[in-house]
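This report refers to the structure that appears directly beneath it.
Since we're looking at a predicted model, the values are computed, not measured. Hydrogens, waters and symmetry mates play no part in the numbers below; they use all other heavy atoms, side chains included. All chains are named by letter (A, B, ...) in the order of the sequence lines, taking the proteins before the strands, and each is independently numbered beginning at 1.
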Amino acid sequence: MAEELLQVRNLQVNVEDKQILHSIDLDIKPGETHVLMGPNGAGKSTLGYALMGNPKYTITGGSIVFNGEDITKLSVDKRAKAGMFLSFQNPLEVPGISLSSFLKTALEQQRGVRIKAWDFRKELRQAMALLQMDNKYAERDLNTGFSGGEKKKAEILQLLMLNPQLAILDETDSGLDVDAVKIVSQGIKTFQEHRNGALLIITHNTKILEALHVDKTHILAQGSIIKNAGPELVEEISKHGFEQFLQK
Amino acid sequence: MEEKTFVEDIDRSLYDFRNEDKDAYRIEEGLTRDIVEQISREKHDPEWMREFRLKSLEIYNKTPMVQWGPSIEGLNMDNIVTYVRPNTKMQGKWEDVPDDIKDTFERLGIPQAEQTSLAGVGAQYDSELVYHNVRKEVEEQGVVYTDMESALNGPYAEMVKEHFMKLVPPTDHKFAALHGAVWSGGSFVYVPKGVKVAIPLQSYFRLNAKGAGQFEHTLIIVDEGADLHFIEGCSAPKYNVANLHAGCVELFIAKNAKLRYSTIENWSKNMYNLNTKRALVAEGGTIEWVSGSFGSHVSYLYPMSVLNGEGAHSEFTGVTFAGHGQNLDTGCKVVHNAPHTTSLVNTRSISKSGGISTFRSSVVVTNKAKHAKSSVSCQSLMLDNISRSDTIPAIDVRTADADIGHEAKIGRISDDAVFYLMSRGISEEEARAMIVSGFADNVSKELPLEYAVEMNNLIRLEMQGSIG
Amino acid sequence: MENIDLIVNQLPAPTWNRLRMNESRVAVAVPTDECEPKVALQGSVCLNKQQIPRIPGKNCCGCAQMATCPVNGIDFASMPTGMGTEMAQLGEGKRIHLVADAGKSTAAVTLRYDDEQKCYNRLEIEAKPGSELTVFMTYISTASAKGMAAVQTKIAAAKDAKVKLVQVQLLGREFLHLNDVGADLAADARFEVLQLQLGGAQIYNGVRTELTGDGSSFDAAIAYYGRNAQRIDMNFIANHYGKKTDCNMTADGVLQQGAFKIYRGTIDFKNGSAGATGDEKETVLLLSDDVVNQSIPLILCSEEDVQGNHGASIGKLDEDLLFYMMSRGFSESDAIDMMAKAKIEGICRRIEDEETVQLVERYLEGVVKE
C-alpha cells in the first residue's frame with residue numbers, strides 16, 4: 001500500500017470566532033482522485049482554504065501532513081512549493097502582471113532556475129491549446145477582465161503548468177456552460193492521467209465528473225464528513241441528491 | 001414655469017406659515033461686546049460662561065471668513081438678531097404652551113409623534129426651548145434630557161462645563177466662535193452606563209423671527225455601553241431677509257456605546273445654515289449619522305467623527321437635495337486616530353432647477369490607526385442642465401497598514417428607467433419622482449418610518465413641476 | 001543664489017485649508033543653465049529651434065515651409081497648464097517647436113542633465129489635422145546628481161490629430177523636477193500621456209487638458225515609485241467643453257521610505273459638454289509606515305448628460321490577492337515586489353519603444369541595488 005500523500009487528522013477550523021469544520025479526517029494517496037460534495041454552507045470551500053493555508057481560516061486543532069511532513073503551520077507559498085495547488089472558486093484579478101509572466105516567474109520560483117523563454121512559450125502554448133484558450137490571453141493581465149469561464153480555464157492552465165502533486169479544485173465547474181465544462185474536464189483528465197496528479201474535487205455538480213476516474217467520494221455537511229464511499233456514490237447523488245444522507 | 005411657481009407655493013405651505021412676532025425679549029441687531037454681555041445676563045450664565053462668550057467674540061473678530069465653499073456675502077451680521085426669547089417659559093405640557101406656538105408645532109406634527117414614537121421631545125422656538133418632556137420610564141432609567149440653560153445650573157453643571165465646546169472649540173472656525181459668543185437654547189442629554197433607550201428622543205428647532213439667528217447647542221453624552229437614537233428636525237418660514245443658523249452639536253460616545261444622530265433639515269430658503277456637528281468616539285463605540293439636507297439658501301454642513309479609541313466605528317449616510325436658489329455644501333469628516341477603527345460614508349446628492357450641491361469630505365488616517373478601514377461612496381444626480389454638482393473628497397493616509405477605498409459617480413436619470421416605468425402606465429413626473437426617491441433610499445431606509453415618509457414627501461414636492 | 005517662490009498645482013475648487021491640499025508652494029532656483037535637448041525625428045515631423053515671432057490669427061505652414069514660415073497662429077503662450085500660471089516666472093526658457101504633418105511620426109527628445117545644472121526647457125507641439133505623433137521625452141542624469149529640471153510641454157492638437165506623449169523621468173536622487181503639461185484638443189483629437197516618475201527628490205507634476213473640440217479624448221496614465229523621502233506632487237485636470245468628450249486618468253504607485261505623495265485629479269464637465277464621459281482611478285500601495293498619501297479626486301459638473309466615475313484604493317496589498325499569489329508559490333515579499341513592479345510594467349507595456357523600456361528596466365535594476 002502506497003504512502004499517503006495527504007493525511008488530515010481531526011482538523012478543526014474557525015473563521016473569526018466561529019467554528020466551521022469540526023473534526024475532519026481525510027487520506028489521499030498519490031494519484032488518487034477524491035470528490036468532496038455537500039450542500040451549500042457545509043464548509044467545503046473552508047476545507048480547501050484551510051488545506052492551502054489561508055490565514056483567515058484558523059486551525060484550532062488537528063493536523064495536516066503532506067508527503068510525510070507536518071504542514072499545519074506552514075505558510076501558503078511553502079505549501080505551494082511543496083506541491084499543493086488550489087484552484088480558486090473566484091480567482092483574483094492581478095492587474096499589471098500578464099498571465100505568461102506570472103506563470104513563468106512562478107515556475108522559476110518553484111524550480112529555482114531560470115527557464116528559457118522559448119521552452120516556456122512552447123509548454124504554455126501546448127497547455128493553452130489543450131484548454132482551447134486563445135494565445136492572446138497569455139499577454140493579458142492575469143484574470144483581469146476575464147469572463148468567469150476564462151478565469152476557470154486560466155486556473156486549470158496554471159494547474160497544468162505548475163504540475164503539483166495534489167490539486168484542490170474548488171467549484172471549478174461553477175458558472176461554466178456545457179462546452180466549457182467539457183474543456184476544463186479534459187484539462188483535469190490530462191493532469192490525472194499524464195501527470196499522475198492527485199485531486200480533491202470540491203463540487204456540488206456531477207457533470208464535471210462524468211469523464212473523470214474517481215477513487216473516493218466524501219460528503220461534508222455542517223462541518224463534518226458524514227459519509228465516505230467509493231465512486232458509486234457520485235452516481236447515487238446525481239440521481240437522488242444528498243438529502244437522504246442528511247437525514248441520518 | 002407657472003406650474004413650477006404654483007407647486008413651490010404648495011411646497012412651502014407645509015413649513016412656511018409664520019406667526020406674528022410676540023417675543024418677550026428681542027436683542028438689538030448686530031454683534032458687539034454689549035450684545036454678548038446682555039445675552040449672558042438674560043440667560044443667567046455662570047461666570048465662566050460669560051467669560052467664555054467674551055473670549056469667543058474676540059476669536060470671532062480675529063478669524064477670517066472661509067476662503068472656499070459657497071458665498072455668504074448675503075449674510076450681514078450687523079442685521080442679524082442673535083437672541084429672541086419667545087413669550088413663554090419652558091413648559092412640560094403642551095397645553096401650557098401659548099396657542100400660536102403650540103399650533104406651530106402641531107402643524108409640524110411634533111406632539112402627535114411624541115405620543116406614538118418618541119421617548120422624549122424638546123421644542124425650541126427662536127432662541128429658547130418652549131417645551132421639554134421625557135417619558136417617565138426613560139427618566140427612571142436615569143436618562144437626563146433637558147434644555148442647556150437648566151443643565152448649566154443644575155446637578156450636571158460640572159459635566160456640562162467639562163464638555164462644552166471642547167470638541168468644537170471657538171477657534172475651530174469663524175462660526176464656531178460666533179456660536180460660542182451668542183449661543184442659546186438647545187438640549188443636554190446624558191445616557192448612563194449600560195442604558196439602552198429603546199425609542200428615539202427628538203429635538204425640533206423652529207425659527208420664526210424675521211432676520212434672526214438660531215444658535216442652539218446640543219450636548220449629548222452616551223456613557224459606557226449605552227445606546228441612544230437622537231432625532232433633530234428644523235424648519236423656518238421664508239422671509240426676504242437672511243436668517244442664520246449656527247448651531248453646534250457635540251456628541252461624546254464612551255466605550256462600547258452607540259449613538260445614532262438623525263437629522264431632517266428643512267430650513268427655509270433664505271437661511272444660512274452654518275452648523276457644526278462633531279462626535280468623539282471611544283474604544284468600541286459607534287456613531288451613526290443619518291442626514292437629510294433639503295432646506296436653506298446656503299449650507300455648510302460636515303458632521304465630523306473623531307474615532308479616538310480602538311475599534312471605534314462611524315457611519316455617515318446622507319442625502320442633499322439642492323433646488324432653485326440653493327447652494328448646499330455638505331458632506332462629512334472622519335479622523336481615524338486609533339487601531340482597528342472603521343468608517344463608512346454613503347451619500348447621494350441631487351441638483352435641480354439651478355441648485356448647486358457639493359459633496360465635500362475628508363478622511364484622515366493618522367499613523368496611530370493601524371488596520372484602519374474606510375470606505376466612501378458618493379453618488380450625484382443631475383436633474384437638468386442649469387444645475388451644478390461637485391464632488392470634493394480629500395483623503396490623507398499616514399499608515400501603511402490601512403485599507404481605504406473611495407468611489408464617486410455622477411450621472412443623470414436613465415431614460416430607459418423612465419421609459420420602463422412609463423410603459424407600466426406611470427406618468428413621467430411620477431416616474432422621475434420615484435427614481436429620485438429610490439436614489440435617496442440610502443437615507444430613507446435608515447430613518448424611522450414617519451420620518452422616511454416625510455422625507456419622501458419632501459422629494460415628491462420638490463420634483464413636482466419638474467417636467468417641461 | 002536667488003530663489004523664486006511659486007504657487008503651483010492649484011486645485012480647481014479649493015477645500016479646507018488645514019488639509020494643505022489646495023495648492024503647493026515650491027522654492028525654485030532661477031534657471032541659469034542651458035540644457036540642450038537631443039532630438040531625433042522620424043516621419044512627417046519637423047523641428048524649429050528658432051523663436052518664432054507670433055502673429056495670432058494667422059495660420060502657420062506645415063513642415064515643408066518651415067524655414068520660410070514667419071508666423072504662427074497658435075497662441076501657445078496663453079495655453080493653460082497643470083502647474084499653473086506662476087510657471088511663467090521661470091522666464092522664457094529654452095524653447096523648441098515641433099510641427100507634425102498628417103501621417104505617422106515620432107520624436108524622441110532626450111534631456112540629459114549634468115550635476116548642479118538648473119535648466120528650464122520648453123517644448124511646443126503642433127499636431128496638424130490627421131497627424132499621428134508620438135513624442136518620447138526622457139529626463140536623465142547620473143544617480144547622485146542634483147539640480148533642477150524644469151520642463152514645460154504644450155500641445156495643440158488639431159482636428160483628428162493624435163498625440164501620444166511619453167515622459168520618463170530618471171533623474172538623480174537630489175533633483176528638483178518641475179514637469180508642466182498643457183494641451184488643447186480640437187474636434188476628434190486625441191491626447192495620450194504616459195508618465196513614469198521614478199527619480200528625483202521633489203517632483204511637481206501638472207497636466208491640464210482642454211477638451212475643446214467635440215469628440216476629443218484625453219488619456220493620462222502615470223506610475224510612480226516613491227521612496228527616499230521623495231515628494232511627488234501632482235495635479236491632473238481634464239476640462240470638458242466639447243460634446244461627447246472623454247477622459248480617462250489613472251495614477252498607480254508605490255510609496256515607501258518616508259515618501260510623500262499628493263494626487264489631485266479633476267474631471268470638470270463644463271456646461272455644454274453633453275454626452276461627455278470621464279473616469280479617474282487611483283491605486284496606491286503603501287509599503288512602509290512612514291509614508292504620507294494624500295488624494296483628492298474632484299468631479300465638477302454643470303452638465304446633465306454626462307457620466308463621471310472615480311475610484312481610489314489606498315493601503316497595503318489586498319489580503320485575498322496576497323493569498324492567491326502565495327498559493328502559486330510566491331513568498332510574501334516576492335508577491336509585494338511583483339505587484340509594485342507591475343505598476344511600472346503597466347505603463348512600460350504601453351510605451352511601445354524598446355529603447356525607452358530598456359532604459360527604464362536598467363534604471364530600476366540600479367534602484368534595486370541601491
Practice task
For the pair C:Asp289 (side chain) and B:Ala400 (backbone), establish whether a donor and an acceptor sit closer than 3.5 Å, ignoring hydrogens and angles.
Solution key: yes
Practice task
Check for a donor-acceptor pair, side chain of B:Asn385 on one end and backbone N or O of C:Glu303 on the other, with a separation under 3.5 Å.
Solution key: no
Please find the pair of heavy atoms, one from [X] and one from [Y], that lie closest to each other, and give the distance.
| X | Y | value |
| --- | --- | --- |
| C:Cys301 | B:Asp390 | N-OD1, 3.1 Å |
| B:Pro393 | C:Pro297 | CD-O, 2.9 Å |
| B:Arg388 | C:Leu300 | NH2-CB, 3.7 Å |

Taking the side chain as everything from C-beta on, heavy atoms only, tell me whether [X] gets closer than 4.5 Å to [Y].
| X | Y | answer |
| --- | --- | --- |
| C:Ile296 | B:Ile395 | no |
| B:Met382 | C:Phe269 | no |
| B:Gln67 | C:Pro14 | no |
| C:Leu19 | B:Val364 | yes |

Problem - C:Leu287 versus chain B, the contacting section by heavy-atom distance below 4.5 Å - result: backbone
Completion exercise
With chain C, the option among B:His406, B:Glu407, B:Gln379 that has the most non-hydrogen atom pairs under 4.5 Å is B:His406
Exercise for the section: Indicate whether any N or O donor in one side chain lies under 3.5 Å from an N or O acceptor in the other, for C:Gln294 and B:Asp396. Expected result: yes
